[in-house]
Structure formats: structure tokens, C-alpha cells
Enquirer: 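One structure, as C-alpha cells, below. Some questions next.
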Amino acid sequence: MKVALFPGSFDPFTNGHADIVHRGLQLFDKIIISIGHNSRKQRYFPVEKIIGHVKEAFAENSQVEVITYDELTAELARKYQANYLLRGLRNTTDFEYENSIAQINRHLNNYLETVFLITSPQYAHINSSIIREVHRYGGDVNEFLPYQI
Ligand code: ADP
């Protein structure tokens, strides 16, 4: 069984992330959306709120699991017997960052392969940090999310 983790901060989880999961389901038998939550790091949207929304958004899909974690992604993958990390790429900035993370994860867990999906053009502009800024100043961000916040 091909199991992939989809790790990220997901602060918040957006339509861009949902698109990566839906497309990833063509490649993997199971995808575990893994919401990184470091208790020492402040999030903008409470993790309990996001996990609830994401679980609801994928409630119909038994191949998708949603968890939170606070440990090395490479260790988490071992625990869930996941041999793949799923990540999305929007631009060269993402590439620079993702390249380093993929190398280090492979170093930490030799069985771990990172699979990148290029963003769908209609979601390429969606960025969690910009959504946080818009929301902070009272803007409506629901059109960027697969749920209502
Ligand atoms: P992190 O904090 O680990 O960078 P994010 O929650 O920002 O995690 O994103 C998780 C993954 O989803 C990353 O691989 C990121 O590049 C990708 N991603 C974020 N937004 C989009 C989008 N609009 N389209 C495709 N992939 C995206």
C-alpha cells in the first residue's frame, strides 16, 4: 500500500492544499494530512479549528486521514509506514525551500521519497500567509478555503 504524508503548517489549509490532496489520491492509496503544530510556536488559526474543518472537508474520502504532529516529519513517516511525502510547488521560491527539506528528510529516513506536484494555475496565487493578512484586517477569505471560516 502506497502511503503518503502531506505535511505542512496549513495555517490555514487552502484550496491549493486541497487540490494537491485530490491529485495525490491518483498516485497514493492513502494520504495523511499532517498538520505541524509546535506548541512553542504561535499559530494564527487555532489548530483544533483547522483540523475540524479539514476532517469535514474530506469526510467522504476514506483514503484521507488528518492528524496533528509535533516531531520530525521523517520520524512521523516511519511511525505511519509512509514512504512518500507529498508537497506542492508554486514557484522557484517554493523550489529552493522544498529542495533543502527533501534532501534533509531523505538523509534522516532513507526510505522516504518526496513527490512534488506543480500547483494548478487557478490556485497558484493562494498563499496561507497572505490569507492570514487579509483575515487579520477583516477581509473575507472564504473563497480561498474548502470550508467556511
Ligand atoms: P510549510 O509551512 O511546511 O511550508 P504550508 O502549509 O505553507 O507548509 O504548505 C504545505 C505544502 O503545500 C507546501 O509544499 C507548499 O509548497 C504547498 N502549497 C501551499 N500553497 C499551495 C498552493 N496554492 N498550490 C499548491 N501547493 C501549495
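When a ligand or atom number is given, it counts from 1 through the structure's own listing order. These numbers were taken from a predicted model, which means no experiment stands behind them.
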Enquirer: Could you check whether H135 and Y44, counting side-chain N and O atoms only, form a donor-acceptor pair closer than 3.5 Å?
Expert: yes
Enquirer: Please tabulate, one pair per line, all N/O donor-acceptor pairs under 3.5 Å involving side-chain atoms of residues 50-66, not counting sequence neighbours.
Expert:
from: N61; atom 1: OD1; to: Q63; atom 2: N; distance (Å): 3.2
from: Q63; atom 1: NE2; to: D29; atom 2: O; distance (Å): 3.3
from: E65; atom 1: OE1; to: K30; atom 2: NZ; distance (Å): 2.9

Enquirer: Could you pull out every protein residue that has a heavy atom closer than 4.0 Å to ligand 1, ordered by chain and then number?
Expert: F6, P7, G8, S9, F10, G16, H17, I20, R87, G88, R90, D94, Y97, E98, T119, Y123, I126
Enquirer: Checking side-chain contact (heavy atoms from CB on, under 4.5 Å) for the pair R78/Y111: CA distance, chi angles, key distance, verdict?
Expert: CA-CA 9 Å; R78 246 188 221 111; Y111 296 99; over 6 Å; no
Enquirer: Applying salt bridge (Lys or Arg N to Asp or Glu O under 4.0 Å), name anything that partners E48, two or more places apart in sequence or on another chain.
Expert: none
Enquirer: Distance-only check: which donor-acceptor pairs under 3.5 Å involve side-chain atoms of residues 141-149, not counting sequence neighbours?
Expert:
from: N142; atom 1: OD1; to: I149; atom 2: N; distance (Å): 2.7
from: N142; atom 1: ND2; to: D140; atom 2: OD1; distance (Å): 3.3
from: Y147; atom 1: OH; to: F13; atom 2: N; distance (Å): 3.4
from: Y147; atom 1: OH; to: F13; atom 2: O; distance (Å): 2.7

Enquirer: When clusters are formed by joining ILVMFWY residues with side-chain heavy atoms under 4.5 Å apart, either directly or through shared neighbours, do Y97 and L5 land in the same one?
Expert: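 As far as the 4.5 Å side-chain criterion goes, L5 and Y97 are not connected within one cluster.
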